[in-house]
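For ligands, and for the atoms within them, numbers begin at 1 and follow the listed sequence. This is a predicted model, so every value here is computed, not measured. All residue numbers refer to positions in the sequence shown, counting from 1. Heavy atoms only: backbone and side chains are in, while hydrogens, waters and symmetry mates are out.
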Amino acid sequence: MKNEHGVGILGLGIFVPEKILTNQDLEKMVDTSDEWIVERTGIRERHIADENTATSDLATHAAEKALAEAGMSPDELDLIIVCTATPDMFFPSVACLVQANLHATKAAAFDLAAGCTGFMYGIATGTQFIRSGFYKKVLVIGAETLTKIMDYTDRNTCVLFGDGAGAVVLGECQSGYGILGLDLGADGTGGDLLKLPAGGSRIPASAESVANRLHFVHMNGNEVFKFAVKVMGETAVKALDNAGLAAGDIDLLIPHQANIRIIQSAAKRLKMPMDKVMVNVDKYGNTSSASIPIALREAIDAGRIKDGDIIVAVGFGAGLTWASCVIKWGKGANTIA
Ligand code: ACO
């Protein structure tokens, strides 16, 4: 059943831990340099959770802000989706932990795993629940504590990631506004390029798996880089096509913040000038599922998004996965501004 309303973002909240790890700090930990990290990745610093903070804590703080902005109480929520690759534990899900923290007693809750593309998959999933008329208000959260699964002896990965969370409340908005187009994809044959090998049913946790450092992120950076550059432009164009739009219609691109060179290459493929591309990877590093809502929040706060703008958010990540969504922004649409 197709709903006559649009589906838009009614509230958006982000949260990052206070503690900052700079490139200079990393210079003391592994054989790297501020110069190398900035030149190859664009990252200058990242926020990191302390030992007492888990993903559900960041997720809950972001959710509270999103609900406040939407002017809603938690018991109005029908569904909570938490997109994460770094849950507090296997089960219960982070979404259930957040549901309890918020006292969102009427909400169903589940986690969604799509690597760094998680938030885009979550937006797509939440949108379908509302479009179908099954639910009215869906909280979608991208929350990660990637630094908890980093090998701080591996310079190839430990300089890249940071922690954070972003949450949106999705609900009905004026037709023609909100989420206009979507594209999702996956290529499981590339799963080995980016993975956390142990701790699951394939390699259960053992003294040996710990000694072999298999509970940390393992990545083939060069291959992930090539994949990301190729797929970002393609998925953005497909989502635009789904919305009946073209690359020239984009007012602001919000790419997953993994590496400035990936972002620049994707913008080039879309023939977009960098002043139409949101970049904040320098301050946060790669916060995986949280990077797009954090970038969106900062773009709004910087006055870079105005009524009627076409925003395209593009994600890619482990799986391999990718996804994009096209949003027509506007106060009149009940989306925030
Ligand atoms: N400091 C100094 N030197 C380093 C560092 C470091 N932190 N890391 C790697 N190097 C060295 C390498 O060892 C290599 O040295 P060698 O030539 O002596 O062997 C040299 O730098 C070049 O290494 P490359 O891997 O070719 O460097 P590249 O320019 O490709 O940059 C990077 C590496 C930054 C990892 C890049 O490939 C990248 O960003 N890839 C994508 C990663 C990504 O986005 N992952 C997240 C995906 S989303 C998700 O779901 C989590």
Side-chain angles (χ1 to χ4, degrees), residues 21-46 55 83-87 111-122 142-165 184-188 190-197 216-232 235 254-266 279-282 284-295 313-324:
L21 184 72
T22 64
N23 291 351
Q24 287 72 21
D25 295 328
L26 283 160
E27 282 177 354
K28 295 177 198 134
M29 296 158 73
V30 286
D31 181 17
T32 190
S33 66
D34 175 53
E35 193 190 357
W36 191 97
I37 302 171
V38 171
E39 194 186 302
R40 300 294 186 104
T41 73
I43 301 166
R44 292 181 186 277
E45 59 187 34
R46 64 293 283 146
T55 297
C83 314
T84 187
T86 47
D111 284 2
L112 190 160
C116 296
T117 320
F119 188 74
M120 293 285 91
Y121 267 60
E144 304 280 12
T145 46
L146 261 295
T147 64
K148 307 263 184 179
I149 53 166
M150 274 309 121
D151 183 349
Y152 282 98
T153 65
D154 176 12
R155 68 178 184 176
N156 291 293
T157 52
C158 74
V159 303
L160 302 175
F161 295 94
D163 301 333
L184 287 83
D187 175 8
D192 272 343
L193 298 179
L194 180 53
K195 65 180 179 184
L196 193 149
F216 294 121
V217 168
H218 290 238
M219 181 177 74
N220 180 332
N222 283 320
E223 289 304 316
V224 173
F225 191 102
K226 280 188 247 165
F227 148 74
V229 167
K230 178 175 173 289
V231 87
M232 282 180 83
T235 180
I254 313 261
H256 170 45
Q257 306 285 315
N259 182 317
I260 185 66
R261 291 185 297 134
I262 294 176
I263 295 172
Q264 286 163 341
S265 305
V279 176
N280 64 0
V281 69
D282 51 322
Y284 300 103
N286 180 348
T287 57
S288 188
S289 279
S291 91
I292 287 175
I294 292 173
V314 186
F316 65 90
L320 300 166
T321 53
W322 58 88
S324 296

Query raised in the report: F316 heavy atoms, cut-off 4.0 Å: which ligand 1 atoms fall inside?
Result: 47 (C), 48 (S)
**Report entry** Those atoms of ligand 1 less than 4.0 Å from some heavy atom in V159
**Finding:** 7 (N)
Query - Full working for side-chain contact (heavy atoms from CB on, under 4.5 Å) between I43 and V38 - result: CA-CA 5 Å; I43 301 166; V38 171; over 6 Å; no
Query raised in the report: Between N222, N259, T321, which one has a non-hydrogen atom sitting closest to atom 25 (O) of ligand 1?
Result: N222
Requested in this report: Could you tell me whether the side chain of V281 reaches within less than 4.5 Å of the side chain of V279, counting heavy atoms only?
Outcome: yes
Query raised in the report: Do the non-hydrogen side-chain atoms of S324 and M120 ever get within less than 4.5 Å of each other?
Result: no
Query - Residue pair N286 / H256, side-chain donor-acceptor N/O under 3.5 Å - result: yes
Requested in this report: Identify, by atom number and element, the atoms of ligand 1 in contact range of H256, meaning under 4.0 Å from any of its heavy atoms.
Outcome: 48 (S)
Query raised in the report: Quick check: does A318 get an N/O under 3.5 Å from an N/O on ligand 1?
Result: yes
Requested in this report: Check each of I254, T117, V314 against I292 using the side-chain contact (heavy atoms from CB on, under 4.5 Å) test, and report the only one that passes.
Outcome: I254
Report summary line: For atom 1 (N) of ligand 1, the closest protein heavy atom turns out to be T32 OG1, 2.6 Å
Query raised in the report: To the nearest 0.1 Å, how far is atom 43 (C) of ligand 1 from its closest protein heavy atom, and which atom is that?
Result: V224 CG1, 3.8 Å
**Report entry** Check: Q257/S291 side-chain N/O donor and acceptor closer than 3.5 Å
**Finding:** no
Report task. Would you mind running through ligand 1 and noting each atom that sits below 4.0 Å from a heavy atom of M219? Result -> 42 (C), 43 (C), 45 (N)
Query - Nearest non-hydrogen protein atom, atom 13 (O) of ligand 1 - result: R155 NH2, 2.9 Å
Report summary line: At under 4.0 Å between heavy atoms, what of N286 touches ligand 1? The answer is side chain
Requested in this report: With atom 50 (O) of ligand 1 as the reference point, say which of C116, S288, S291 has the nearest heavy atom.
Outcome: C116
Query - Pair D31 + R155, salt bridge at N-O below 4.0 Å - result: yes
Query raised in the report: Taking only heavy atoms of G317, which atoms of ligand 1 are found under 4.0 Å from at least one of them?
Result: 48 (S), 49 (C), 50 (O)
Report task. Please check atom 19 (O) of ligand 1 for a protein heavy-atom neighbour under 4.0 Å. Result -> no
**Report entry** Heavy-atom donor-acceptor pair, T84 side chain to T86 backbone, under 3.5 Å
**Finding:** yes
**Report entry** Contacts of D34 that satisfy salt bridge (charged side-chain N to carboxylate O under 4.0 Å, His left out) - sequence neighbours left out
**Finding:** none
Report task. Name all residues meeting the salt bridge (charged side-chain N to carboxylate O under 4.0 Å, His left out) criterion together with E223; count only those two or more places apart in sequence or in a different chain, and write none if there are none. Result -> K226
Requested in this report: For atom 38 (C) of ligand 1, decide whether some protein heavy-atom distance is shorter than 4.0 Å.
Outcome: yes
**Report entry** Where ligand 1 meets A258 - atom numbers and elements under 4.0 angstrom, heavy-atom basis
**Finding:** 44 (O)
Query raised in the report: atom 33 (C) of ligand 1: which protein heavy atom is closest, and how many Å away?
Result: W36 CH2, 3.9 Å
Report summary line: Among non-hydrogen protein atoms, atom 9 (C) of ligand 1 lies closest to N156 OD1, 3.1 Å
Report task. Only heavy atoms count here, so choose which of E35, K226, R40 is nearest to atom 28 (P) of ligand 1. Result -> R40
Requested in this report: For ligand 1, indicate whether the residue T41 contacts it via side chain, backbone, both or neither (heavy-atom separation under 4.0 Å).
Outcome: side chain
Query raised in the report: Atom OG1 in T147, atom CG in L160: separation rounded to 0.5 Å?
Result: 13.0 Å
Query raised in the report: What part of L194 sits under 4.0 Å from ligand 1 if we count only heavy atoms: the side chain, the backbone, both or neither?
Result: side chain
Query raised in the report: Any side-chain donor paired with an acceptor under 3.5 Å for T287 and E144?
Result: no
Query - For atom 36 (C) of ligand 1, the protein heavy atom that lies nearest, with its residue and separation - result: F225 CD1, 3.9 Å
Query raised in the report: Protein heavy atoms: any of them under 4.0 Å from atom 16 (P) of ligand 1?
Result: no
Query - Over 12 foreign heavy atoms within 6.0 Å of CZ, R44 - result: no
Report task. Considering the heavy atoms of R261, write down every atom of ligand 1 situated less than 4.0 Å from one of them. Result -> 28 (P), 29 (O), 31 (O)
**Report entry** Protein contact of atom 41 (C) of ligand 1 - nearest heavy atom, named by residue and atom, plus distance
**Finding:** G221 O, 3.6 Å
**Report entry** Heavy-atom side-chain contact between W322 and F227 under 4.5 Å
**Finding:** yes
